[in-house]
Amino acid sequence: MSNSKRILVTGGAGFLGSHLCRRLVAEGHDVICLDNFFTSQKTNIADLLSQPNFELIRHDITLPIFLEVDQIYNLACPAAPGHYQYNPIKTMKTSVLGAIHVLGMAKRCRARVLQASTSEVYGDPEVHPQPETYRGAVNPIGPRACYDEGKRAAETLFMDYHRQNGLDVRIVRIFNTYGPGMHPYDGRVVSNFIRQALRGEDITIFGSGSQTRSFCYCDDLIEGLVRMMNSPSDCIGPINLGNPDEFTIRQLAELVIEMTGARSRMVSQPLPADDPTQRKPDITLARQRLGWQPTIPLSEGLRRTVDWFRAIRWSDYRPPTPNY
Ligand code: NAD
Ligand code: UDP
């Protein structure tokens with residue numbers, strides 16, 4: 001008997017979504033990629049378009065859609081700060097209405113549905129590293145709130161559909177993830193530093209550069225997502241997925257400069273409001289429940305990412321927003 005499933009990936013043309021679709025198509029599943037191409041483009045999934053088990057739907061998840069599927073990965077949402085702050089009201093609608101629409105679909109089809117939540121639900125954390133039990137320190141009225149609170153509301157909806165309707169849900173909290181296929185103009189720190197280094201431009205350090213992040217390579221993250229989706233039914237989450245190796249932003253800049261051989265200077269720019277000062281996942285739960293942990297260290301992941309950035313044609317990419 002075939003184990004092939006009908007799987008919907010919302011946000012499937014994006015950075016993580018395209019890697020996930022590629023993996024699921026390779027496994028022989030019948031994959032539907034839904035995207036409105038706000039922060040992505042068709043070329044990200046061009047290699048999949050000729051596959052008989054891949055289907056593309058241009059659709060905005062803030063509007064209802066009726067499909068018959070067995071599993072749903074809900075990734076549709078702008079993820080880079082410059083992208084989600086560009087139209088904050090739309091960001092909140094995407095998180096909340098998007099969650100309602102995929103949950104409604106999952107209820108009708110009896111599908112299992114996974115929510116791509118985020119470490120941003122912890123806000124600017126006072127607990128370090130962050131375990132799933134930490135309830136976070138989010139500024140509900142700040143510029144990041146559209147994303148943080150939108151994702152928090154989506155988690156609430158997932159848990160309420162689970163408790164009220166017995167829905168089979170999964171919640172993962174993803175920490176900073178990078179790799180080939182990131183939008184080169186997304187304004188995130190890894191893509192900015194590599195782009196700036198390869199072009200010999202100044203490397204923009206926001207604030208002192210002493211703030212920390214913990215960077216997970218995309219292949220590791222996708223493995224975690226797939227394991228979570230296929231975990232036993234009592235494994236609902238939320239569960240942290242990320243790489244616990246923590247770096248300051250200045251250390252990241254030094255690594256990129258060294259790896260690219262760039263002659264770029266580091267220049268300071270103002271720290272954006274509510275920028276978290278520290279972030280590092282406690283992945284005890286992922287280790288225990290999923291037998292998962294990252295395998296690719298930052299030096300190796302960055303090398304692969306730099307190689308990818310060296311090979312792309314910059315003119316193929318249109319900045320989704322002016323914020324990069
Ligand atoms: P991305 O911006 O590359 O991908 C998001 C995709 O969703 C894009 O293809 C975009 O066009 C699509 N999209 C946005 N709004 C939509 C809408 N209204 N309807 C349909 N499609 C829409 O970002 P990513 O890094 O691939 O992130 C994917 C998911 O993972 C997001 O939900 C994000 O919040 C979550 N996440 C990512 C990270 C990370 O570091 N990459 C960290 C935490 C959480
Ligand atoms: N950052 C930076 N220079 C840049 C882009 C980002 O110093 O050109 C900093 C940003 O202020 C934050 C960290 O890098 O402290 C990570 O930013 P990113 O936008 O990648 O993701 P975040 O984790 O803040 O959502």
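All residue numbers in this chain count up from 1 along the given sequence. All of these numbers come straight from a predicted model, not from anything done at the bench. Ligands are counted one by one from 1 in listed order, and the atoms in each one are counted from 1 as well.
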Can you name the atoms of ligand 1, numbered from 1 with element, that are less than 4.0 Å from a heavy atom of [X]?
X      : value
Ala13  : 9 (O)
Tyr147 : 33 (C), 34 (O), 36 (N), 43 (C), 44 (C)
Asn176 : 40 (O)
Asp60  : 17 (C), 18 (N), 19 (N)
Leu16  : 26 (O), 30 (O), 37 (C), 41 (N)
Gly14  : 3 (O), 4 (O), 8 (C), 9 (O)
Thr39  : 1 (P), 2 (O), 4 (O), 5 (C), 8 (C), 10 (C), 11 (O)
Phe37  : 11 (O)

For ligand 1, find out whether one of its N or O atoms is nearer than 3.5 Å to an N or O atom of [X].
X      : value
Thr177 : yes
Ile174 : no
Leu75  : yes
Phe15  : yes
Ser40  : yes
His83  : no

Can we say [X] and [Y] salt-bridge, meaning some charged N sits less than 4.0 Å from an Asp/Glu carboxylate O?
X      : Y      : result
Glu149 : Arg152 : yes
Arg144 : Asp274 : no
Arg303 : Asp307 : yes

Any donor and acceptor pair, going by atom type alone, linking the side chain of [X] with main-chain N or O of [Y] inside 3.5 Å?
X      : Y      : result
Ser264 : Glu201 : yes
Arg170 : Val113 : no
Arg112 : Met229 : yes
His59  : Leu63  : yes

Quiz prompt | Minimum heavy-atom distance Gly12-Cys21, with the two atoms named | solution = O-SG, 3.7 Å
Quiz item: So, for Phe15 and Cys218, which heavy atoms are closest and what is the spacing to 0.1 Å?
Solution: CZ-CB, 3.8 Å
Quiz item: ligand 1 versus Ser119, non-hydrogen atoms closer than 4.0 Å: side chain, backbone, both, neither?
Solution: neither
Under a 4.0 Å heavy-atom limit, does [X] contact ligand 2 with its side chain, its backbone, both, or neither?
X      : value
Gln211 : side chain
Val190 : neither
Asn192 : side chain
Asp275 : side chain
Gln278 : neither

Quiz prompt | Ring centers of His162, Phe158 separated by less than 6.0 Å | solution = no
I'd like to know if [X] contacts ligand 1, where contact means a heavy-atom distance under 4.0 Å to any ligand atom.
X      : answer
Arg188 : yes
His59  : yes
Met182 : no
Tyr84  : no
Ala80  : no

Quiz item: So, do Cys77 and Tyr147 sit near enough that their side-chain heavy atoms are less than 4.5 Å apart?
Solution: yes
Practice problem: Would you indicate whether the side-chain heavy atoms of Gln211 and Thr248 approach each other to under 4.5 Å? | Solution: no
Kindly identify the option in [options] whose heavy atom sits closest to [atom].
atom                    : options                        : answer
atom 6 (C) of ligand 2  : Ile249, Asp274, Asp202, Val189 : Val189
atom 7 (O) of ligand 1  : Cys77, Ser18, Cys218           : Cys77
atom 5 (C) of ligand 2  : Phe193, Tyr324, Phe215, Phe206 : Phe206
atom 24 (O) of ligand 2 : Arg279, His83, Glu120, Arg144  : Arg144

Quiz item: For Arg188 and ligand 2, does the shortest N/O to N/O distance drop below 3.5 Å?
Solution: no
Under 3.5 Å, is there a donor-acceptor pair linking the side chains of [X] and [Y]?
X      : Y      : answer
Asn230 : Gln71  : yes
Gln85  : His83  : no
Asp186 : Ser191 : yes
Asn240 : Tyr122 : yes
Thr43  : Gln41  : yes

Under a heavy-atom criterion of less than 4.0 Å, does [X] contact ligand 2?
X      : result
Gln269 : no
Gly187 : yes
Pro81  : yes

Quiz item: For the residue pair Tyr185 and Trp314, does the interplanar ring angle fall in the parallel (under 30°), tilted (30 to 60°) or perpendicular (over 60°) class?
Solution: perpendicular
Practice problem: Among all protein heavy atoms, pick the one closest to atom 22 (C) of ligand 1 and tell me residue, atom and distance. | Solution: Asn36 OD1, 3.0 Å
